[in-house]
Amino acid sequence: MTSSERQPENPGSGGAAKHAWFSHDRLGMFIHWGLYALGARHEWLKNREELNDDHYQRYFENFDPDLYDPKAWARRARLAGMKYVVVTTKHHEGFCLWDSKVTDYKAPNTPCGKDLLTPLVEAFRAEGLKIGFYYSLLDWHHPDFPIDVHHPLRNHPDAKALNSGRNIAIYAAYMREQVRELLTGFGRIDIIWFDFSYPRREYRGLPGKGRADWESERLVELVRELQPEIIVNNRLDLPPGKLPDVTTPEQYTPRVAPAIASQGVLWEACHTFSGSWGYHRDEDSWKSPEQIIQLLIDSVALGGNLLMNVGPTGRGTFDARAIAALEVYQNWMEVNGRSIYGAGPSEFPVPAGCRYTQRGNRLYLHVYNWPYRHIHIEGLADRIAYAQFLHDASEVRWLSQTKDVDSNIGVMVPEGMITLELPVRRPDVTVPVIEIVLKA
């Protein structure tokens with residue numbers, strides 16, 4: 001993953017009906033898992049530390065996730081309110097979780113000795129989640145992948161000479177064969193998440209990579225031939241007119257919903273609980289409960305999804321910090337999920353310190369900054385039929401404008417506004433939600 005490379009965003013390729021589930025479900029689980037889990041210091045450690053294949057081989061030779069229980073992962077995802085999963089079948093290191101027929105650099109050849117992807121797909125599907133495959137366009141292990149700005153050997157004194165025998169066309173064909181395996185060997189796949197293009201990133205005379213290198217158009221044609229209903233993301237550097245289905249801002253929430261030529265797009269923000277995607281033992285910037293709930297609300301309030309990442313350990317477990325973060329979602333979604341599923345933006349002006357989502361005649365006010373007793377709302381005078389806290393269905397009363405109010409102690413409600421009356425103390429909910437039923 002990288003947030004520094006953002007290719008132009010393209011609108012979806014049509015097919016709004018076949019992708020309706022995506023906009024309804026709103027919350028998914030990202031899983032970054034590979035050999036880097038053993039290094040336990042960022043999924044880009046081979047790049048960051050400029051490790052050669054011989055040095056990195058230690059992780060391949062010791063990869064044995066003996067506690068791997070994909071049923072437990074899937075159960076955690078479902079309980080957290082997640083409706084789909086996207087798993088790294090192959091990350092930039094080139095290591096494959098499945099029994100690929102075109103490489104030896106795969107889980108069955110490690111001490112683990114088995115395909116890890118098939119049981120994961122089966123487990124998540126059994127819990128009712130849709131299935132997505134992440135596939136890296138980069139490959140720091142493949143002998144025909146040319147050294148470039150992101151390659152671990154970029155600063156090797158003989159980098160240009162080492163590139164002389166590398167053939168990107170052979171690598172592109174290799175990718176197509178692996179994508180064919182992924183899209184024919186695991187049943188229906190709902191999302192394919194390619195990562196990523198950087199055609200303008202030249203480094204010391206080493207060119208970046210984009211659509212010509214990946215043969216992106218040919219790759220997408222293969223994907224759509226094999227899985228016509230699949231959602232394809234926007235990181236293949238496709239030319240105008242060859243449109244992906246979903247735009248994927250990374251590690252930030254847009255200020256406004258992404259758009260191309262003033263047209264809205266299907267989009268999904270992807271985030272981490274901490275600062276890295278793979279398991280990082282010593283990383284200490286884990287987000288607070290309020291932050292991770294607000295990331296979800298912020299995305300849905302702008303019409304997008306949230307794909308939230310977990311990086312399993314080298315033994316195949318979710319560590320205690322990840323479990324605690326998932327339980328934050330679980331506890332909040334159990335009582336507030338209907339402000340998320342099937343919901344989207346609202347056109348009503350939102351009060352300061354709050355966010356709206358809306359589903360039909362139900363308007364959901366997410367209160368980020370708890371006020372003292374009152375929230376003043378524009379645009380809803382004479383529109384409200386009922387209001388309640390979503391977590392416990394307790395009534396929330398409101399005030400409308402009255403002419404005679406004691407100016408010293410009375411609540412002044414301007415014309416055209418209403419004022420919600422709140423308890424002095426915030427309910428014991430990470431982000432309280434008030435469900436406002438609008439008049440027909």
Legend entry - Exercise: identify the closest heavy-atom pair between F22 and N305: O-ND2, 2.8 Å
Legend entry - Check: D245 side chain, V232 main-chain N or O, donor-acceptor pair, under 3.5 Å: yes
Legend entry - Check: Y198/D237 side-chain N/O donor and acceptor closer than 3.5 Å: no
Legend entry - Distance, nearest 0.5 Å, that separates CG of L420 from CG of L399: 9.0 Å
Legend entry - Residue pair Y135 / Q178, side-chain donor-acceptor N/O under 3.5 Å: yes
Inset, instruction - Verify the distance criterion only: is there a donor paired with an acceptor across the side chains of R235 and T248 at less than 3.5 Å? - result: yes
Legend entry - W98 six-ring face occupied by K106 cation (under 6.0 Å, within 45°): no
Inset, instruction - Assess the side chains of H92 and S136: does a donor N or O sit below 3.5 Å from an acceptor N or O? - result: yes
Legend entry - Side-chain (N309) to main-chain (W277) donor-acceptor, under 3.5 angstrom: yes
Inset, instruction - Tell me whether the centres of the aromatic rings in Y36 and H280 are closer together than 6.0 Å. - result: no
Inset, instruction - Determine the sole option in I340, I297, N336 for which the side-chain contact (heavy atoms from CB on, under 4.5 Å) test with V433 is passed. - result: N336
Legend entry - Charged tip of K83 within 45° of Y341 ring normal and under 6.0 Å: yes
Legend entry - R218 atom CZ: more than 12 heavy-atom contacts under 6.0 Å: no
Inset, instruction - From the options L219, T184, V220, T89, select the one residue that forms a side-chain contact (heavy atoms from CB on, under 4.5 Å) with V179. - result: L219
Inset, instruction - Give a yes-or-no answer on whether the side chains of T110 and E61 include a donor-acceptor pair shorter than 3.5 Å. - result: no
Inset, instruction - Kindly state whether the ring of Y134 and the ring of H32 have centres lying under 6.0 angstrom apart. - result: yes
Inset, instruction - Compute both the distance and the angle, then confirm whether K287 meets the cation-pi test with F273: under 6.0 Å from the six-membered ring centre, within 45 degrees of the axis. - result: no
